[in-house]
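Everything on this sheet refers to the single structure shown next.
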Amino acid sequence: MSREDISTPRRTKEIIQRHGFSFKKSLGQNFLIDQNILAKIIEAAGLDKTKGALEIGPGIGALTEKLAQQAGKVTAVEIDQRLLPILEEVLEPYPHVDVVHGDVLKLPLRDLFEQHFKDVSGVSVVANLPYYVTTPILMKLLEEGLPLEHIVVMIQKEVAERMAASPGGKEYGSLSIAVQYYSEPELVCIVPHTVFIPQPNVESAVIRLSVRKQPPVSVEDEGFFFDVVHASFAQRRKTIANNLKSRFFPKEGRERLEQLLNEAGIDPRRRAETLSLQEYAVLSNVLFAAGLKQ
């Protein structure tokens, strides 16, 4: 193991101490200090010198360094201004790495892609994401229709399991459906909290989302489809009929709703977590055709 690897515990501590860096809990900063986990992340991303990588939250550059060695172009977005001089120093050997100071939730990502990745054959997001903004960041990446191949991220284990869940279990919910509408999720590995400085209180996981070119189902209205999904899961213990009645039929009897559910081939007594992505597509199309978009 080379002394130059940023991700070794000794080198990480040396960089932090030399720059007088202190961790901000509000930014969810946990730096990875494990070569094996980094190798699994890089392998899952499938990068080569013809491809680009967008990193979110590079910290002191442990993953950035590995990305730079693998990809033809790397752009890292860092919100914490205090890390910019550290990144400038440790990434100095890699002229094909750019660091952008900003909040990824506020940046115009299409412009960023056009500016930084016009000369590569494909782009993947590879990141150790702050847990408190995992879902907003991932949904922004997926919903904006960016030209992405993969999203390989370290996130909280519980959230990763929800994203990859199949119908029928307690992990399966509206997040599972949204992620699976835009991508094919696959758990890469579980990560113990001991491989971070400082150690988080929860277990982590690396998940790979292979971004779909087209959704696997056809829906009449995407916004309405997700509205139906969210309404169905409003109260998990209720049947799908009861949840949908509260949202779409608050003043009417159940007969019309049950007729539409039957038309969609769905037993009104089922619960939301038993319906597949395909069944939600059929259901939302039936409800849309019945004029229920509000």
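Bear in mind that the values here come from a model prediction, so they are computed numbers and not experimental data.
E149 has a carboxylate O that lies under 4.0 Å from a charged side-chain N of K51, or vice versa, which qualifies the two as a salt bridge. For the pair E14 and R11, the salt-bridge criterion is met [side-chain N within less than 4.0 Å of a carboxylate O]. The existence of a salt bridge linking R270 and E279 is confirmed by a sub-4.0 Å separation between a basic side-chain nitrogen and an acidic carboxylate oxygen.
In this structure, the separation between CG on L107 and CG on L112 is 6.5 Å, given to the nearest 0.5 Å. Expressed to the nearest 0.5 Å, how far CG of L175 lies from CE of M163 amounts to 4.5 Å. Here the straight-line distance linking atom CD of E255 with atom CG of L260 works out to 12.0 Å at 0.5 Å rounding. In this structure, the separation between CD on E144 and CG on L109 is 5.0 Å, given to the nearest 0.5 Å. Separation of atoms CG (D34) and CD1 (I197) is listed at 11.5 Å; rounding is to 0.5 Å. For the atom pair CD (Q35) and CD1 (I42), the distance works out to 11.0 Å, reported to the nearest 0.5 Å.
Partner of F31 under the side-chain contact (heavy atoms from CB on, under 4.5 Å) criterion, chosen from I6, I16, I15, L63: I16.
Below 30°, between 30° and 60°, or above 60°: for F226 and Y182 the angle between ring planes is below 30°, a parallel geometry.
Y280 places a side-chain N or O within donor-acceptor distance of the main-chain N or O of A272, the cut-off being under 3.5 Å.
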